[in-house]
Every structure is written in C-alpha cells, then in structure tokens.
Amino acid sequence: MNYQETEKKWQKVWEEKKIFSTPSNPKKKYYVLEMFAYPSGDIHIGHFRNYTIGDAVARFKKKQGYDILHPFGWDAFGLPAEEAAIKRKIHPREWTLNNISVSRSTLKQVGISYDWDREIITCLPDYYHWNQWIFLKMFEKGLAYQAKSLVNWCPGCKTVLANEQVQEGSCWRCHEQVSKKELLQWFLKITDYAERLLNDLDKPLKWKETIRQPDGSDKPMEKPIEWPEHVKTMQKNWIGRSEGGKIIFKLDTDETEPVTELPVFTTRPDTLFGVTFISIAPEHPLTQRLIKKQPQEKEVLDFIKKTVLQSEMTRTAAGEKNGIFTGRYALHPFTGEKIPIWIADYVLAGYGTGIVMGVPAHDQRDFLFAKKYGLTIKIVILPQNQTSEPLTQAYEEPGIMVNSGEFSGLESERGKKKIIEKLKEKNLGDFEIKYKLRDWLISRQRYWGTPIPIIHCPSCGTVPVPESELPVKLPDNIQDFIPKGRSPLEDVKEFFITACPKCGKQANRDPDTMDTFVDSSWYFLRYVDSKNEKLPFDPEKANQWMPVDQYIGGLEHATGHLLYCRFITKVLHDLGYVNVEEPAFRLFNHGMVLDKQGEVMSKSKGNVVSPAYLMEKFGVDASRIAMFFAAPAEKELLWNEEGVGGAVRFLNRIERYAENALSDSPQIAIPVTSSNTLKPSPQQVKVMEGTAIDPPAADSSVHDSPVLTIKLHATIKKVSDDLERFSFHTAIAALMELLNLMEEETKQGGVPLSQAKHCLEIFTHLLSPFAPHFSEEIWEKLGKPPSLFESPWPTPDEKALLSTQPITADQIRSALKGEIELVVQINGKVKEHLTAPMNLTEEEIKTKTLELPKIKAQIDGKEIKKMIVIPKKLINIVV
RNA sequence: GCCGGGGUGGCGGAAUCGGCAGACGCACGGGACUUAAAAUCCCGGGUCCUGAAAGGGGCGUGUGGGUUCAAGUCCCACCCUCGGCACCA
C-alpha cells in the first residue's frame with residue numbers, strides 16, 4: 001500500500017463528507033479535548049502522542065454512536081514570541097501566526113480528526129476580547145482587584161510571576177532565581193474559591209445525562225470527577241488547607257503607645273502554654289514601628305535589610321534559621337507573662353498573619369531557633385504515660401497537656417478546641433482556616449498578551465473600560481520589545497494615553513497585560529460557540545456540550561492550568577453562564593516522549609523527532625501504531641525507531657491477508673517484498689513450504705473455524721474494554737494475537753472465504769482508531785462503502801464468549817471439545833495439567849487428578865492433608 | 001523532610017477479582033527461500049543443576065519478614081528510582 005497516497009485520499013474523503021464536523025444538536029454528546037498548543041515552531045512528537053491519543057478516543061466514540069465535539073486551537077500569547085521578535089526582528093504576531101500555519105498543516109497531514117471550523121487563536125482580538133469581558137465581570141464582583149504586595153519578580157523575564165510559575169524558587173520559563181518585590185498588581189481572587197476547589201475534587205456532582213454509565217446506559221448521574229488520584233492530591237497539597245486558630249498577643253506597651261495586637265495563626269492552640277517567644281517576618285509592616293527608638297534599632301534594621309535582599313532560595317535552603325531580638329515583649333493571653341519578640345527569617349510574610357508563636361518544645365523549626373539563640377524550651381505536651389525529659393528534638397505528636405494551667409491533663413486534640421473556645425470568650429482568638437493557595441497574580445509587564453481593560457484616571461481612580469468598547473486592542477506599532485521592568489505598552493502613547501470613560505479627562509490605560517493562563521482557563525468554553533460576537537459563548541450551547549467528557553494532556557499543568565480552569569469555570573457558573581461546576585469530567589495524563597537514552601527532547605540537544613519525518617519515512621498509521629504499542633499511554637515513552645519496523649510489518653501482514661482473502665482466485669499467498677510493490681513474479685507464485693499463508697478456502701464445504709470465531713469475539717471485547725481504559729498497547733497486542741490466529745487457522749485450511757472476510761471486517765473496525773487511513777483502505781477493498789467511521793463499532797456476541805478471559809487458542813480448542821485444562825499443583829507449585837470434561841463434579845476431578853501418573857509418583861508415600869479445587873481453574877494438593 | 005507513582009527476561013511491557021509469571025512486540029541466535037542480499041516464512045530462548053539425548057529437578061517479579069492451600073498481586077519493615085511540594089506555623 002502506498003501510504004502517502006492512502007493518507008491523502010482518506011483525509012480528502014473525511015473532509016468532503018464532513019465526517020468530523022460537530023453536529024449542531026447533539027443527542028448523545030461526547031466532548032473530547034486535548035490541551036491546545038503553544039505555537040513555537042512546528043509540533044513535535046510529544047504533541048503527536050497527545051493528539052493521537054485524543055484522536056483514537058474520538059474515533060472510537062464516534063463509532064459508538066456519540067455526537068463528537070473534538071476541536072483544536074492555539075495558546076498564542078506568551079513570552080517566546082517576544083523573544084523571537086527581539087532576536088529575529090519580526091513582529092510577535094507574524095512569528096506566532098507563521099508557526100500556527102506550519103503546525104496546523106502538519107496536524108492536518110497526520111489526519112487528526114479535529115473540527116477545524118472551531119479553531120481558536122488566543123492572540124486575535126475576537127478571542128482576547130472575551131478575556132477582557134471575563135475580567136470585567138470579575139472586577140464587578142470584586143473577584144479582580146489591584147493590590148500592592150510582595151510578589152515574585154523574575155529578573156530574567158523582567159516581569160512578575162504567579163506562585164504557580166515559580167518552581168523551586170526559579171522562574172518556570174527562564175530558570176532565573178525569583179526575587180520578591182513590592183508592586184501594585186492585579187489579582188484574581190481564587191482564594192475565595194479555595195474551599196470549593198478542594199471539596200469538588202471528591203464531591204459527587206450532578207452531570208448531564210449523556211455521560212455514559214459503565215453498564216452502557218445513559219442515565220443522569222452524580223459522581224465525583226474522574227481525575228487521576230495524584231493530580232487530585234497535588235491540587236489538595238497546593239490548596240493546602242489547615243484548620244487552626246487565630247490567637248492575639250498584645251504588645252507590652254506603656255501609656256505613650258496605642259494598644260497593639262500581634263495576631264498569630266496556629267494549628268496547635270494546645271501548645272499555647274509552651275510559647276517562649278514570638279517571631280515576626282522581616283518584611284512585616286509592624287516591625288518598623290516596634291523597634292523605633294529601641295536600643296538595638298540599628299542592628300535590627302540591618303538584619304531586616306540583609307534578609308529581605310536574600311533570594312527566597314538561600315533564605316529557605318538549609319535548616320539554618322536566623323533572627324534578632326527586637327527588645328520588645330508581648331503578653332501571654334492567659335498568663336500575662338512577658339514573651340520576647342524576635343524577627344526571624346523563617347517566618348513567611350505571605351502566610352497566615354506573618355507572625356508566629358514560638359513553641360520550641362513542639363515545633364522543630366522553633367526548636368532549632370531556640371537552641372541557636374538560647375531561648376527557653378518549655379514542655380507542655382507529653383506522650384501518653386511518660387514523664388518529662390529534656391528534648392533532643394521537638395515533640396510534634398499529640399499527647400497529654402501539662403504545665404498548661406486549667407487545661408493540664410487534657411488530651412491535646414480536645415485541648416485545641418477548649419483553648420480557642422476560652423480565648424474566644426476573652427476576645428483574644430477564634431477558630432480559623434488558612435490555605436497555602438494565594439490569589440492569582442495576573443498582571444505581566446510584557447507586550448504580547450491581553451491588555452487589561454482598565455483606565456486609571458487622576459480624578460475618578462480605577463475605571464473599567466465599558467463593555468461596549470471592548471476589545472481593547474493590543475497596538476501593533478511597537479518599537480521595542482526588550483523588557484525593562486515595566487510594560488512596553490507605556491511607551492505607546494496612542495494606546496497609553498486615553499480619555500476617562502467617566503469624566504472624559506485625560507487618563508492612562510493600565511499598561512500591563514494578562515498572564516497567558518487566563519487565556520487557557522476558559523478556552524474549552526469558546527469551542528462550543530467559537531464565532532459568537534456577542535458573548536464569549538452562548539450559555540445554551542455550553543450547556544449542550546459541557547463538561548468536557550475526556551480531557552487529555554500532560555501532567556505539568558496539574559497545579560497551574562488545571563486549577564485555574566476549574567476556578568474560572570466555577571466563576572462563570574456562579575455568574576449564570578454555564579451549568580457545570582467543573583470543566584472536565586475525566587482527565588487523562590499522558591507520559592512524556594523522551595529519546596532513546598531517556599533524555600528530554602529539545603532543540604538545543606538536537607534530538608527532537610518531528611512527526612513530519614515519521615510521516616515521510618513510515619507513514620502516519622505505522623507511526624501511530626508504533627507509538628501506541630511502545631508503552632502504556634500514561635507512562636513516559638523512550639522513542640526508539642526500531643519499534644516502528646514491527647508496526648510496519650504488522651500492517652503489511654494484515655494487508656497481505658486481505659489480498660489473499662480477496663483475490664479472485666485465492667490459490668496462494670504472495671510474499672510481499674515491500675509495502676509499495678505488490679506484483680507477484682512467476683517465481684513468487686509458487687507455493688513454498690512454510691513461505692506463505694495458504695489461501696482461505698473458497699470451497700463452501702469448509703466449515704467456519706470455531707476457534708477463530710471465539711477468538712474474534714473475545715478480541716472485540718478486549719479491544720473495546722482496553723480503549724475504554726486507555727490501554728492502547730494491550731488492545732493492539734490483542735489484535736496481533738487475532739491476526740496470528742487468523743493466519744494460523746487459514747494455513748491449516750480451516751477457514752472458509754466468508755469467515756476470513758468477516759474476520760477482516762471486524763478487524764478493520766477494531767484497528768480503525770489506531771490506524772485510520774489504513775483501515776479505511778482495507779474497508780474499501782472489502783467492498784464496503786466509505787467511510788468506516790460512519791459504520792458502527794462491533795459488539796461481541798455474548799454467546800461466543802468464554803467465561804474465562806483472557807484465552808489462548810489452545811484454551812479455546814479444549815473448550816470446544818467440552819473440556820477444560822486445569823492446573824494441578826502440589827503445595828502451590830505447578831506440577832501437571834489435567835484436561836477434563838467441563839462439567840465434572842469436584843469428587844470426580846479429585847479422583848482423576850490422583851490418577852495422573854506424574855502426580856501419583858510425586859505424592860507417593862506422602863500423606864494428603866487437603867485438596868483444594870477451584871472450579872475451571874486449578875487443583876492444589878497439600879501434602 | 002512530607003506526599004504520590006514505580007521497581008517483572010537483553011529491551012518495551014502483559015498478567016483488569018489472590019489462582020499456569022514473562023501475553024504481544026523489539027533486539028538476538030539458528031534454519032528455509034535466494035547466485036547473493038533485502039523482504040518473507042519456520043524454529044528457539046528467565047535461570048541454575050542433572051542427563052549423550054528425550055527428559056527430570058531446583059530457584060525465580062528490588063531486599064527481608066508475614067498472612068494464605070496458593071502472593072508480581074494483600075500486610076509490615078527496608079533499599080533504590082522517578083515526579084510533586086518544600087521553613088505554610
């Protein structure tokens with residue numbers, strides 16, 4: 001088969017017949033979505049793997065009768081476009097759109113079943129218009145706000161970063177060490193949704209009725225999202241909920257100072273009586289006031305200066321903790337005792353209140369700090385039935401409270417509650433829940449992004465751009481993309497200087513652009529109505545198609561994109577634009593593609609494999625089969641070209657079988673020399689012992705091979721189940737087994753032409769999600785009308801299925817004789833096999849087993865303690 | 001340090017509910033066909049011991065223990081490895 005011709009031929013048919021167009025009124029919908037692509041050059045083999053998985057799912061579901069939505073688009077804003085612009089002196093738009101057209105053409109050539117009519121490109125105004133719209137809706141609700149705070153600053157990219165974009169203290173993109181800066185920035189209030197984002201990971205949610213039940217029916221259902229457990233766990237850790245309490249320590253003051261409160265957050269209120277110091281983050285605004293006019297003022301200021309300048313990495317690296325005494329004291333809320341206030345570098349300004357109560361006996365960090373500076377260590381929790389002994393490290397487990405006034409003797413878990421309750425009465429504390437999750441910082445001081453639709457007016461303040469004036473277009477005429485630490489848009493006067501929508505006086509636009517994760521946080525909703533000019537999408541259409549039934553992408557987005565898109569979906573839900581509360585019902589994470597040595601593919605290493613190259617060399621279908629077969633889809637794949645040979649051979653064998661089965665005078669099999677030349681030479685037309693498959697018998701007196709029939713139905717079941725659970729490699733292995741048996745049986749002369757054809761037909765259906773072009777071609781050769789993808793997926797005949805699965809040909813043969821092969825073990829070790837009629841009683845089986853010569857010999861003289869008979873499986877003799 | 005995944009032939013991997021470990025394939029070795037090569041087809045293979053051979057026996061799923069008639073699968077402890085988080089009070 002000439003694969004290149006075949007590929008083109010069927011891609012054209014699919015397009016002409018609009019096979020993959022989305023139906024407008026879905027009855028039984030299925031939304032398959034792969035994460036869209038960032039267009040940097042052409043797509044690579046990693047993308048190819050991702051999209052091929054989605055393609056197989058979409059084709060399988062289509063054949064099962066679902067109305068499919070399977071769209072694609074481009075995550076087109078972002079820094080690399082600017083970098084390219086600086087390096088090559090071309091406009092980011094040009095670079096981006098060029099890459100899109102190259103990548104799109106590759107994707108079309110590999111025949112992924114997208115509905116290209118719904119394609120979206122986020123850097124075009126008809127898309128980012130709606131980023132701005134969503135931003136304004138959130139601004140109205142108080143979910144978008146501007147605040148001055150300590151934010152992550154990347155000196156490499158010269159812009160701020162969201163928490164999710166800082167990895168091990170470095171920038172996710174350029175890997176420079178991230179520092180902290182205090183800046184006025186825009187945030188989205190994801191923390192308001194922390195509790196829901198956490199709960200909805202496990203809470204049963206109502207889904208529309210078209211999601212299929214395991215039993216095949218289509219009932220409404222209530223169940224939690226089906227996401228991999230590790231993704232859920234990562235999100236839970238990221239959200240980081242902790243229950244505890246807020247406790248107020250009052251500053252020890254004289255009359256000259258106002259009453260000052262030092263609130264702390266703790267998860268261990270039960271250790272309150274063990275507090276021997278208070279520590280405050282160096283960045284905390286209160287510190288400056290505390291130390292004013294203290295004798296050690298200068299030293300403390302020096303310490304703060306030094307610490308704040310250090311990068312987060314060095315500060316948090318080792319266990320070493322540094323601090324300095326402020327000279328001030330706080331008062332214990334129960335005892336009134338004076339407690340020294342320290343400034344400590346291990347206290348984070350951004351979490352809790354930025355002030356911590358130091359309990360060295362029961363917190364390892366406080367312990368190390370106290371040891372270093374010679375502070376008191378006071379034990380207030382003891383393990384059950386133990387007496388107090390000097391500690392070598394903090395005791396952090398629960399226990400019995402001691403030295404805790406009226407609370408002594410209480411079990412610590414109960415004590416937590418009691419202490420807070422008492423403090424609440426005294427107005428010195430309350431129960432509180434804190435999250436590690438911070439609000440989502442979305443402003444970026446860069447050009448290539450969505451302009452923030454806000455105008456800053458000297459008299460009216462922060463004014464949103466009216467909806468009717470959207471989109472605020474990104475200006476084209478920009479000279480300089482080199483980052484300077486403030487947005488380049490500030491230098492584009494026509495853009496930056498504008499009139500205030502309220503008072504009409506001269507005002508400035510907000511010069512920052514949005515984080516590109518805003519674009520990807522709702523794109524799946526745009527696909528349902530990608531050309532809408534009035535709204536980001538029609539709610540009715542969204543309710544028809546949402547949620548995404550199957551989302552497919554890499555694990556790198558577990559705490560970034562996958563959290564943001566859940567957040568924005570909930571916001572849009574609350575605003576009444578969509579019914580679902582979660583964007584995707586099922587999530588699948590595919591593994592990465594690495595090179596032979598297990599190294600990540602990258603341009604700089606020069607080890608990138610392009611789909612275009614594979615297409616050229618092996619054809620799309622053989623490449624797909626090789627990729628599916630090489631490793632489970634969720635695991636990483638070490639790409640090795642040698643594997644493709646096996647895939648090519650597999651397809652050739654199918655083709656050869658088809659040629660034999662379908663030839664007018666099926667007398668012989670013809671060895672195929674290469675996939676392109678199928679011309680039998682006279683020498684080749686010679687039956688050679690062992691060289692070829694004998695033809696399927698045309699003679700109708702030959703009866704169907706029952707072994708093959710049973711295997712065929714077992715394979716239908718196996719492949720269907722495997723597709724459902726994303727086990728593509730075992731599905732292909734099952735097809736290989738079937739082909740092996742088809743050949744073997746045919747060779748024995750036991751397969752009539754009609755059965756050979758029937759097998760091939762079913763085979764073609766089962767192969768089609770993996771090798772779509774090839775399957776269409778065989779389908780056509782079988783005399784079937786195109787397209788194979790309009791023809792339904794086969795279902796196994798239950799009567800032809802054996803109860804035991806999986807089954808080998810030999811097992812089927814025994815079964816056909818009404819016999820079953822049982823394993824005979826002695827003390828759990830396999831010694832013999834017993835072939836016996838299927839319906840023997842346990843007693844008969846026992847007798848037969850003991851008659852086996854080998855078994856007789858082995859148990860000779862030993863006492864049989866017990867015999868265990870597992871019906872249809874095995875006999876174990878215990879001696 | 002904490003959380004999660006994983007460890008099975010030369011390699012990728014299979015074993016879906018505790019019941020024949022190594023399906024399927026790659027690479028390899030032998031053979032057939034060929035002037036030759038390629039292609040194709042056939043055969044082989046966990047490992048050790050024993051035997052001239054047919055055969056027979058033992059050991060085998062990271063390590064050590066346990067539960068069970070039976071463990072790759074369940075439990076406990078540990079080692080290695082990959083990924084995430086990392087002073088979150």
Side-chain angles (χ1 to χ4, degrees), chain A residues 167-169 228-234 236-238 240 242 244 264-268 271 279 315-321 344-348 350-353 355-359 363-366 368-369 434-438 555-556 558-559 626 629-632 634-638 640 642-647 649-650 652-653 656 669-675 677 683-684 686 688-693 718 721-722 725 727 729-730 732-737 740 743 747 805-806 808 821-830 833 865-868 870 872-878:
Chain A
Q167 289 164 356
E168 292 181 4
E229 216 41 57
H230 58 275
V231 175
K232 288 187 179 183
T233 310
M234 277 165 79
K236 285 175 198 169
N237 291 342
W238 189 262
S242 21
V264 304
F265 174 73
T266 178
T267 54
R268 295 295 302 271
T271 63
S279 40
R315 235 177 94 177
T316 62
E320 183 80 4
K321 286 146 185 43
D345 66 351
Y346 71 94
V347 181
L348 303 174
Y351 182 78
T353 59
I355 310 173
V356 169
M357 62 183 212
V359 187
D363 181 291
Q364 187 59 21
R365 295 157 300 183
D366 297 341
L368 293 173
F369 190 78
K434 289 274 180 208
Y435 302 90
K436 285 205 262 180
L437 184 72
R438 312 290 154 81
L555 191 56
E556 65 274 20
T559 49
F629 189 63
E634 70 279 6
K635 276 190 69 172
E636 60 188 26
L637 165 63
L638 302 191
N640 185 349
E642 277 163 353
V644 194
R649 266 194 290 279
F650 172 57
N652 283 345
R653 277 169 60 205
R656 201 164 342 118
I670 303 143
V672 180
T673 45
S674 87
S675 59
T677 57
Q683 288 98 318
Q684 284 172 318
K686 191 171 83 178
M688 294 169 291
E689 179 64 33
T691 0
I693 311 155
K718 171 84 178 145
D721 290 351
D722 283 353
R725 66 186 181 111
S727 183
H729 64 309
T730 51
I732 290 170
L735 286 169
M736 287 172 171
E737 279 184 41
N740 289 347
E743 288 180 348
K747 210 182 308 173
Q805 306 261 358
T808 65
E821 195 178 75
L822 299 161
V823 176
V824 182
Q825 299 179 332
I826 295 176
N827 289 342
K829 293 199 174 105
V830 183
H833 291 91
K865 283 196 187 142
K866 211 190 217 179
M867 260 179 104
I868 289 146
I870 309 290
K872 296 185 180 174
K873 280 197 178 133
L874 62 78
I875 304 120
N876 191 9
I877 307 167
V878 189

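Chain letters run A, B, ... following the sequence lines, proteins first and then strands; every chain starts at 1.
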With the criterion being N/O to N/O and under 3.5 Å, what pairs connect the protein with nucleotides 27-29 of chain B, and how long is each?
| from | atom 1 | to | atom 2 | distance (Å) |
| --- | --- | --- | --- | --- |
| B:A27 | OP2 | A:Arg649 | NH2 | 3.4 |

Pairs under 3.5 angstrom, nitrogen or oxygen only, protein versus nucleotides 1-3 of chain B, please.
none

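The separation of B:C79 from B:U63, taken at their C1' atoms, amounts to 7 Å, rounded to a whole angstrom. The C1' atoms of B:A70 and B:G55 are separated by 28 Å, rounded to the nearest whole Å. Here, B:A23 and B:G13 have their C1' atoms 10 Å apart, quoted to the whole Å. Comparing the C1' positions of B:G22 and B:U8 gives an interatomic distance of 8 Å, to the nearest angstrom. On the C1' atoms, B:U68 is 28 Å away from B:G9, given to the nearest whole Å. Spacing of P atoms, B:C80 relative to B:G10, comes out at 23 Å, to the nearest Å. Taking the P atom of each, B:A86 and B:A14 are spaced 32 Å apart, rounded to whole Å. Comparing B:G57 with B:A39, their P atoms are spaced 42 Å from each other, to the whole Å.
Distance, A:Ile875 CD1 to B:A70 C1': 14 Å, rounded to whole Å. To the nearest angstrom, C1' of B:C20 lies 16 Å from CG of A:Asn827. Regarding A:Met867, its CE atom lies at a distance of 16 Å from the P atom of B:C69, rounded to whole Å. As rounded to whole Å, 11 Å separates atom C1' of B:C24 from atom CD1 of A:Ile732. In this structure, A:Lys865 places its NZ atom 14 Å from C1' of B:U68, rounding to the nearest Å. Rounded to whole Å, atom P of B:A14 lies 10 Å from atom CZ of A:Phe629.
For the pair A:Asn740 and B:G25, the criterion of a side-chain N or O lying under 4.0 Å from OP1 or OP2 is met. Note on A:Ser242: a side-chain N or O is less than 4.0 Å away from OP1 or OP2 of B:A89. Taking only side-chain nitrogens and oxygens, A:Tyr351 comes nearer than 4.0 Å to OP1 or OP2 of B:A89.
Considering every non-hydrogen atom in both A:Gly828 and A:Asn876, the closest pair reads N-OD1, 2.9 Å. Shortest non-hydrogen contact noted between A:Lys436 and A:Asn237 is CE-O, 3.6 Å.
At a threshold of 4.0 angstrom between heavy atoms, the contacts of A:Gln825 include nucleobase atoms, whether or not backbone atoms are also involved. Among the atoms of the strands shown, none is found under 4.0 Å from any heavy atom of A:Lys236. Nucleic acid contact class of A:Val830 (heavy atoms, under 4.0 Å, all strands): sugar-phosphate only.
Residues A:Lys436 and A:His833 each lie close to RNA chain B; by heavy-atom proximity, the contact nearer the 5' end of the strand is made by A:His833.
If you check distances only, the side chain of A:Lys866 never reaches the base of B:C69 with a donor-acceptor pair under 3.5 Å. Contact of A:His729 with B:C24 (side chain to base): no donor-acceptor pair of N or O atoms is detected under 3.5 Å.
Between A:Asp722 and A:Lys718, at least one side-chain nitrogen of the basic residue sits less than 4.0 Å from a carboxylate oxygen of the acidic one, meeting the salt-bridge criterion.
Looking at heavy atoms from C-beta onward, A:Arg725 lies in side-chain contact with A:Thr730 at the 4.5 angstrom threshold. For the pair A:Gln825 and A:Ile868, the minimum side-chain heavy-atom distance is 4.5 Å or more. Using a 4.5 Å cut-off on side-chain heavy atoms (C-beta onward), A:Leu735 and A:Phe650 make contact.
A donor-acceptor pair under 3.5 Å is absent between the side-chain atoms of A:Asn640 and the main chain of A:Gly643, judged by distance alone.
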Which nucleotides of RNA chain B pair, in dot-bracket form (Watson-Crick or G-U under 3.5 Å, | meaning another strand): (((((((..(((......[....))).(((((.......))))).(((((....)))))..(((((..]....))))))))))))....
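For the pair A:Lys321 and A:Tyr346, the cation-pi test (distance below 6.0 Å, angle within 45°) is passed.
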